[in-house]
Chemist: 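Mind having a look at this structure? Questions to follow.
In this text, all values refer to a predicted model and were calculated from it rather than measured experimentally. By convention here, the first residue in the shown sequence is residue 1.
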Amino acid sequence: MNIIEQNKEKINGIFSTFDRMIINGYILPLQNPRLFQFYLIQNNIKFVDFKDFAEQQTTSLCNHIDNFIKEHDVTLQYLKSGKEDKQALANKALTQTNNKIGLIAAFSAVELCRTSTIKANHETQKLEPSIKDTKCKHYYLYFNDEEFGLMFFKLQTWFPYNVQIYINGREYCSKIFNKNNIQYEMYNNSFSSIDDFEKAQALADNILNQKLSASFDGLANKINNLLPNIKETLNHSYYWCIDQCEFATDINFKSREDLSIFYKKLVETSYFTFNSEDIYSFFGRNINYIHTFTSGDIISDLRNRYQGYRIKFKINENQVKMYDKGNNIRIEVTINNPRDFKVMKEKEKMINQKIETIKEWVPMGKSISNLYRYIEISKSIIKRYIEALPEIELDTVPLKSIEKVSSRLEVEGKSYSGFNILNEETLNIFCVIANAKYLINGFTNKSIRLEIFNDASQKTINKTTRLLVKLRAHGIIKKVAKKNKYYLTTEGRNILNSILLYTKKVLL
């Protein structure tokens, strides 16, 4: 029984959609020195004249954006540091403008960036296209957008005019709910109540059917007045890719009190019961190959922040975390390194001297066309995570159950010894069979005996069989009918979670 089934009487509903998403826009030919040179040649720009040309382009772009800001009756604010909290300033502006639709705030700041330029090659004594890390002026335009809600559009004012867009899934959904007459209340970027969860979820799922890149193109065309010439010369506009994508499932409780009764214990228990193999399996990796994971880190992190308790599990740059937000438990997946996952792509291959199109699983890229796959992966991670969460018993501590498995018992005339729960070998057995990798497909004699005894002899097979019989007698595991496959019982998982929680605390 997972946490949702256990608390179904206290839960209003479940709502899932993407949360914070950062989209980067690149004009790819301008990132390539050879194609950048082609662009300059097509515009009759000599390398020695590049600096003047680039300054003219930047001046034209800045003047256009300044006029765009004035047309929307907004004052441009220069920030001495790019690290200032622009989101807080934008929220303040939104309040002062009474939730005005359109541009609500504009900031400019000089920040680090990567630019395309012309630089002298001291070896060849010639000027040539190059990529350079430097600083230039950036604009931050904050919109209360009719489609996306509160968002920003950031533009670099020097070649290659990179763009960054921030949108928030909950803000986006709030606009959709308004249009479809769904009543809701929001608290700190979460829905504290929704009158129709089923309809709300269907509308949120439909977001993937929207062509987001078309909306981003329309915004870029309004703000970057240099795009028409670039598109005419290079036949290219912005290529949109996902820099960061957060997808979150909110389990919405009827009250904050219903959640707070057990949440702290849930976080603490999860932290001590989940091990590196559990975390590895959350991310859809085959646990049998964990020994090949030689680069990167598997991290568990538990923190008590001013908002509440947060637990995070991380592999490389991808992570799943759980925290409380008002009357919601939020389980959130952040994918920063998509190449850790696969996506199905069509490829052309030579087969029997013919070029044929085949489908193949390949490492996932950051293209916005892969957004659907980001969501699929995130949903799978969250599902595995929820299924693995320990069941929290608040009314009774399972001391009697623990005493029972520690005592000798008789079943159908056969006597079975109890488990010494402080014995190292017993704890190892419990750790193995409680592993999250067996949550979905269960375990067999073969799959656990190597982990427990590190031996595959006939003697060990028989020993494992006797162990499985003993575990069944004590009600810790159950057997699948007509198959040599076993699962933990609900009571067994509760007992093992309790034992492992407190023994691991001592070890720590």
Side-chain angles (χ1 to χ4, degrees), residues 23-82 86 103 105-122 124-143 152-165 216-241:
I23 309 294
N24 287 343
Y26 303 105
I27 303 173
L28 294 180
L30 296 184
Q31 315 270 344
N32 181 302
R34 183 176 60 83
L35 294 175
F36 179 52
Q37 178 178 337
F38 171 79
Y39 173 76
L40 296 178
I41 291 171
Q42 290 297 107
N43 283 277
N44 299 315
I45 307 300
K46 297 179 181 178
F47 287 177
V48 293
D49 299 327
F50 171 74
K51 186 178 179 182
D52 291 337
F53 170 70
E55 287 178 349
Q56 289 171 9
Q57 295 286 92
T58 295
T59 300
S60 171
L61 178 59
C62 290
N63 288 338
H64 175 77
I65 296 175
D66 290 341
N67 290 330
F68 179 83
I69 294 168
K70 287 177 183 176
E71 287 171 8
H72 287 79
D73 197 25
V74 172
T75 302
L76 176 65
Q77 184 178 347
Y78 174 73
L79 304 178
K80 292 181 180 179
S81 170
K86 293 172 280 290
L103 186 69
F107 311 107
S108 66
V110 175
E111 296 181 1
L112 291 170
C113 61
R114 173 158 284 197
T115 63
S116 300
T117 187
I118 298 297
K119 195 166 74 172
N121 186 324
H122 297 295
T124 62
Q125 298 296 308
K126 291 182 179 180
L127 295 172
E128 59 184 35
S130 177
I131 303 296
K132 178 183 176 183
D133 290 324
T134 183
K135 291 181 179 181
C136 80
K137 183 177 181 180
H138 289 72
Y139 281 94
Y140 287 84
L141 304 179
Y142 279 82
F143 296 86
F152 75 67
F153 184 98
K154 175 186 175 183
L155 176 64
Q156 174 182 320
T157 59
W158 192 272
F159 281 104
Y161 313 118
N162 292 339
V163 161
Q164 188 174 84
I165 295 175
F216 301 152
D217 285 335
L219 198 54
N221 289 332
K222 289 178 185 177
I223 296 169
N224 188 345
N225 66 312
L226 305 178
L227 269 181
N229 175 256
I230 293 171
K231 286 194 279 190
E232 184 180 345
T233 306
L234 298 172
N235 198 28
H236 273 270
S237 185
Y238 283 103
Y239 172 76
W240 303 106
C241 62

Chemist: Would you kindly say whether Tyr140 and Glu111 are connected by a side-chain donor-acceptor distance under 3.5 Å?
Modeler: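 Yes, because at least one side-chain N or O of Tyr140 sits under 3.5 Å from a partner of the opposite role on Glu111.
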Chemist: Mind listing the closest non-hydrogen atom pair of Tyr238 and Gly25 along with its distance?
Modeler: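 Residues Tyr238 and Gly25, closest heavy atoms: CD2-C, 3.5 Å.
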Chemist: Are there more than 12 heavy atoms of other residues, nucleotides or ligands under 6.0 Å from atom CG of Asp133?
Modeler: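 Atom CG in Asp133 is packed in, count exceeds 12.
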Chemist: Are Leu227 and Ile27 close enough that some pair of their side-chain heavy atoms sits under 4.5 Å apart?
Modeler: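 With C-beta onward as the side chain, the pair touches.
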Chemist: Within a strict 4.5 Å, meaning less than it, do heavy atoms of the Leu79 and Gln77 side chains meet?
Modeler: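 Side-chain contact under 4.5 Å: yes.
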Chemist: For Tyr139 and Asp66, test the side chains for any donor-to-acceptor distance below 3.5 angstrom and give the result as yes or no.
Modeler: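 Yes, Asp66 and Tyr139 have a side-chain donor paired with an acceptor closer than 3.5 Å.
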Chemist: What heavy-atom pair brings Gln57 and Tyr161 nearest, and what distance separates the two atoms?
Modeler: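 Closest pair (atom of Gln57, atom of Tyr161, distance): CB-OH, 3.4 Å.
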Chemist: Taking the side chain as C-beta and beyond, is there a heavy-atom pair between Phe47 and Leu40 under 4.5 Å?
Modeler: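 Yes; the side chains approach each other to less than 4.5 Å.
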Chemist: Set out, in order, the CA-CA distance, both residues' side-chain angles and the distance that settles side chain to side chain contact (heavy atoms under 4.5 Å, CB included) for Asn221 and Lys231, then state yes or no.
Modeler: CA-CA 11 Å; Asn221 289 332; Lys231 286 194 279 190; 3.2 Å; yes
Chemist: Give a yes or no on this: more than 12 heavy atoms of other residues, nucleotides or ligands lie within 6.0 Å of atom NZ of Lys46.
Modeler: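 No, NZ of Lys46 has 12 or fewer neighbouring heavy atoms, counting only those of other groups under 6.0 Å.
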Chemist: Can you tell me how far CZ of Phe38 sits from CG of Asn43, rounded to the nearest 0.5 angstrom?
Modeler: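 CZ of Phe38 is found 9.5 Å from CG of Asn43.
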Chemist: In sequence, state the C-alpha distance, the side-chain angles, and the governing distance for Arg114 and Trp158, and then conclude on side chain to side chain contact (heavy atoms under 4.5 Å, CB included).
Modeler: CA-CA 9 Å; Arg114 173 158 284 197; Trp158 192 272; over 6 Å; no
Chemist: Pairing donors with acceptors under 3.5 angstrom, does anything connect the side chains of Tyr39 and Asn229?
Modeler: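 Looking only at side-chain atoms, Asn229 and Tyr39 do form a donor-acceptor pair, the distance falling under 3.5 Å.
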Chemist: What pair of heavy atoms forms the shortest contact from His138 to Leu112, and how long is it?
Modeler: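 Looking at all heavy atoms of both residues, the shortest contact is CE1-O, 4.0 Å.
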Chemist: Is the backbone of Gln56 close enough, under 3.5 Å, to the side chain of Ser60 for a donor and an acceptor to pair up by distance?
Modeler: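 Judged by distance alone, no pair lies under 3.5 Å.
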Chemist: Is any side-chain heavy atom of Asn24 less than 4.5 Å from a side-chain heavy atom of Asn162?
Modeler: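 No, too far: nothing below the 4.5 Å cut-off.
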Chemist: What's the shortest heavy-atom distance between Ile223 and His64, and which atoms?
Modeler: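 Closest approach of Ile223 to His64: O-CD2, 3.1 Å.
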Chemist: Should Phe216 and Val163 count as side-chain neighbours, where that means a heavy-atom distance under 4.5 Å?
Modeler: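 Side-chain contact under 4.5 Å: no.
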Chemist: Any sub-3.5 Å donor-acceptor pair from Thr58's side-chain atoms to Thr157's backbone N or O?
Modeler: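 Yes, Thr58 side chain to Thr157 backbone: donor-acceptor pair under 3.5 Å.
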Chemist: Decide ring pair (Phe, Tyr, Trp, His ring centres under 6.0 Å) for Tyr142 and Phe107; before the verdict, give the C-alpha distance in whole Å, the side-chain angles of both, and the deciding distance to 0.1 Å.
Modeler: CA-CA 8 Å; Tyr142 279 82; Phe107 311 107; 5.7 Å; yes
Chemist: Atom CZ of Phe36 and atom CZ of Phe50: how far apart are they, to the nearest 0.5 Å?
Modeler: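 Phe36 atom CZ to Phe50 atom CZ measures 4.0 Å (nearest 0.5 Å).
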Chemist: Spell out, as yes or no, whether a donor-acceptor pair under 3.5 Å connects the side chain of Ser116 to the backbone of Leu30.
Modeler: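 Between the backbone of Leu30 and the side chain of Ser116 there is a qualifying donor-acceptor contact (under 3.5 Å).
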Chemist: Are Lys86 and Phe152 side-chain neighbours, meaning at least one heavy-atom pair lies under 4.5 Å?
Modeler: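 Sidechains of Phe152 and Lys86: no contact.
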Chemist: Heavy atoms only: give me the nearest Pro29-Leu234 pair and the separation to one decimal.
Modeler: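 For Pro29 versus Leu234, the nearest heavy atoms are CB-CD1, 3.7 Å.
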Chemist: Quick check: do Ile65 and Lys137 have side-chain heavy atoms less than 4.5 Å from each other?
Modeler: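 Not in contact.
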Chemist: Could you tell me the separation between the CG atom of Leu61 and the CG atom of Leu226, rounded to the nearest 0.5 Å?
Modeler: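 One gets 5.0 Å once the value is rounded to the nearest 0.5 Å.
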Chemist: Rounded to the nearest 0.5 Å, what's the gap from NE2 on His72 to CG on Leu103? Could you check?
Modeler: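 One gets 6.0 Å once the value is rounded to the nearest 0.5 Å.
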Chemist: What's the spacing between Ile118 CD1 and Ser130 OG if we round to 0.5 Å?
Modeler: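 Answer rounded to 0.5 Å: 8.5 Å.
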Chemist: What distance do Gln156 atom CD and Thr115 atom OG1 have between them, rounded to the nearest 0.5 Å?
Modeler: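 Spacing of CD (Gln156) from OG1 (Thr115) equals 7.0 Å.
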Chemist: If you take all heavy atoms of Tyr78 and Ala109, which pair is closest and at what distance?
Modeler: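 So the two residues come closest at CE1-CA, 4.2 Å.
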Chemist: Give a yes or no on this: more than 12 heavy atoms of other residues, nucleotides or ligands lie within 6.0 Å of atom CG of Asn121.
Modeler: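 Yes - once you tally the heavy atoms of other residues, nucleotides and ligands closer than 6.0 Å, there are more than 12.
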